[in-house]
Colleague: 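Input: one structure, supplied below.
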Amino acid sequence: METLNTILNTVRNINISSVIDILIVAYLIYRMYKLIIETRAELLLRGIILILLLIPISYIFNLTMVYTIISKTITIGVLTLVIIFQPEIRRMLEHIGRSAFSDRRVLRDTDILTKVVNEIVAAMDNLSKTKTGALIVIEQDTGLGDISETGIRIDALVSTSLLENIFVPNTPLHDGATIIRGDRIMSSGCVLPLTTNKDISKKLGTRHRAALGLSEVSDSLILIVSEETGTISLALNGKLVRNYDRDRLQKILVKILTSKIQKKQTWKERMDQWLSKKDRTSS
Ligand SMILES: Nc1ncnc2c1ncn2[C@@H]1O[C@H](COP(=O)(O)OP(=O)(O)OP(=O)(O)O)[C@@H](O)[C@H]1O
């Protein structure tokens, strides 16, 4: 009866700020869940949930030793979690920042986007045919200013011939990654963070590990040409997909980058686009 009264009292005390409070916490938990699921943190999270479940169980069944150990180590546990989940927490905060503020790094014009993609894809295709190792990063919402500073500043319009030139073996810029922001090549010879994922194939060398590493801590699209096989791969959100041919690469890049544009368009921009399309078809 007492429990029922407590529940009723709590329900009676719910006001608009409690609802907002609950919604914010639910949203944060949901984002955290989405980021953790299918990552190396997923198994860890299951283990933690299991340990947390042991607290009420040990309390109910009077398992004094288990209860004392778990409840006493929980504070250290929280600190350890922050350290272990650091990349995931970082990604979550960046996601929240991204949804809150619009960014101008991403291409907003579909015509320019198509042109930039065409130039990149043609370069990737040629580099693949000549088995020239290459690492190209297309920056999205996560700013890569710090990584760009590890290389040599270029600041030139994206073009197939320039990209091909950059990766000519034994030239000063060929080592490391080339970073593209919008329709410009920002810099080349940049050093990317290597992945710490122990599950990836031993056959993959540092170029692919560097691509995966950056894709784990940013939303960039990272393209790789293998020097050994000429294979084209794409790293995105901590995953590496291999064996792209020219057509598939073109399609996937346009698809991902266009969806970014659409997400970022304001209602006014969408309306203007719709009206201009309508004008074109009626004239
Ligand atoms: N941290 C890094 N950031 C950027 N580029 C890197 C990094 N580490 C290595 N690279 C690039 O990768 C090259 C070495 O590639 P390696 O042969 O080890 O990789 P791989 O994944 O086996 O690729 P490939 O199939 O082309 O041989 C280096 O010469 C350098 O250009």
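Each ligand, and each atom within it, is numbered from 1 in the order the structure gives. Since we're looking at a predicted model, the values are computed, not measured.
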Colleague: Protein non-hydrogen atoms only, distance under 4.0 Å: does atom 27 (O) of ligand 1 have such a neighbour?
Modeller: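 Yes, there is a protein heavy atom closer to it than 4.0 Å.
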Colleague: Taking non-hydrogen atoms only, is L194 closer than 4.0 angstrom to ligand 1 via side chain, backbone, both or neither?
Modeller: side chain
Colleague: Which of the atoms of ligand 1 are close to E227, meaning less than 4.0 Å from one of its heavy atoms?
Modeller: 24 (P), 25 (O), 26 (O)
Colleague: Which residue and atom name correspond to the protein heavy atom nearest atom 1 (N) of ligand 1, and how close is it?
Modeller: L192 O, 2.8 Å
Colleague: Can you check whether I16 reaches I20 side chain to side chain, under 4.5 Å on heavy atoms?
Modeller: yes
Colleague: Looking at R248, I'd like to know if its CZ atom is crowded, meaning that more than 12 non-hydrogen atoms belonging to other residues, nucleotides or ligands lie closer than 6.0 Å.
Modeller: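 Yes, the 6.0 Å shell around CZ holds more than 12 heavy atoms from other groups.
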Colleague: Determine, for K115 against D183, whether the closest basic-nitrogen to carboxylate-oxygen distance falls under 4.0 angstrom.
Modeller: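 The answer is no: the pair does not qualify as a salt bridge.
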Colleague: Under 4.0 Å from any heavy atom of V191, which atoms of ligand 1 are there?
Modeller: 1 (N), 3 (N)
Colleague: Using a 4.0 Å cutoff against the non-hydrogen atoms of D175, which atoms of ligand 1 qualify?
Modeller: 28 (C), 29 (O), 30 (C), 31 (O)
Colleague: Numbering the atoms of ligand 1 from 1, which are under 4.0 Å from a heavy atom of L135?
Modeller: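 Contacts of ligand 1 toward L135, numbered from 1: 4 (C), 5 (N).
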Colleague: Checking the side chain of T229 only, and the main-chain atoms of S226 only, is there a donor and an acceptor separated by less than 3.5 Å?
Modeller: no
Colleague: Please determine whether salt bridge (Lys or Arg N to Asp or Glu O under 4.0 Å) holds for the pair E227 and R207, giving the CA-CA distance in whole Å, both sets of side-chain angles, and the decisive distance to 0.1 Å.
Modeller: CA-CA 9 Å; E227 196 167 22; R207 201 188 311 274; 3.2 Å; yes
Colleague: What atoms of ligand 1 come within less than 4.0 Å of a heavy atom belonging to A210?
Modeller: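 Under 4.0 Å from A210, ligand 1 has these atoms: 1 (N), 2 (C), 3 (N), 7 (C).
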Colleague: Is it the side chain, the backbone, both or neither of C190 that has a heavy atom closer than 4.0 Å to ligand 1?
Modeller: backbone
Colleague: Do any nitrogen or oxygen atoms of G176 come within less than 3.5 Å of a nitrogen or oxygen of ligand 1?
Modeller: yes
Colleague: Which heavy atom of the protein is the closest neighbour of atom 14 (C) of ligand 1, given with residue, atom name and distance?
Modeller: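 Nearest protein contact, heavy atoms only, for atom 14 (C) of ligand 1 is T206 OG1, 3.5 Å.
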Colleague: Of the side chain and backbone of S226, name the one, both, or neither that has a heavy atom under 4.0 Å from an atom of ligand 1.
Modeller: both
Colleague: Spell out, as yes or no, whether a donor-acceptor pair under 3.5 Å connects the side chain of T160 to the backbone of E119.
Modeller: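 Yes, T160 side chain to E119 backbone: donor-acceptor pair under 3.5 Å.
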Colleague: For atom 21 (O) of ligand 1, what is the closest protein heavy atom, and at what distance to 0.1 Å?
Modeller: H208 ND1, 2.6 Å
Colleague: Only heavy atoms count here, so choose which of R207, H174, E228 is nearest to atom 19 (O) of ligand 1.
Modeller: R207
Colleague: Can a donor-acceptor pair be found, under 3.5 Å and without considering hydrogens, that links the side chain of S187 to the backbone of G151?
Modeller: no
Colleague: Taking the side chain as everything from C-beta on, heavy atoms only, tell me whether T178 gets closer than 4.5 Å to F167.
Modeller: yes
Colleague: Between R181 (side chain only) and I138 (backbone N and O only), is there a donor and an acceptor less than 3.5 Å apart?
Modeller: no
Colleague: Please report the C-alpha distance between D125 and S128 in whole Å, then the side-chain angles of each, then the deciding distance to 0.1 Å, and finally whether the side chain to side chain donor-acceptor pair (under 3.5 Å) criterion is met.
Modeller: CA-CA 5 Å; D125 192 40; S128 158; 5.2 Å; no
Colleague: With heavy atoms under 4.0 Å as the rule, classify the contact between I224 and ligand 1 as side chain, backbone, both or neither.
Modeller: neither
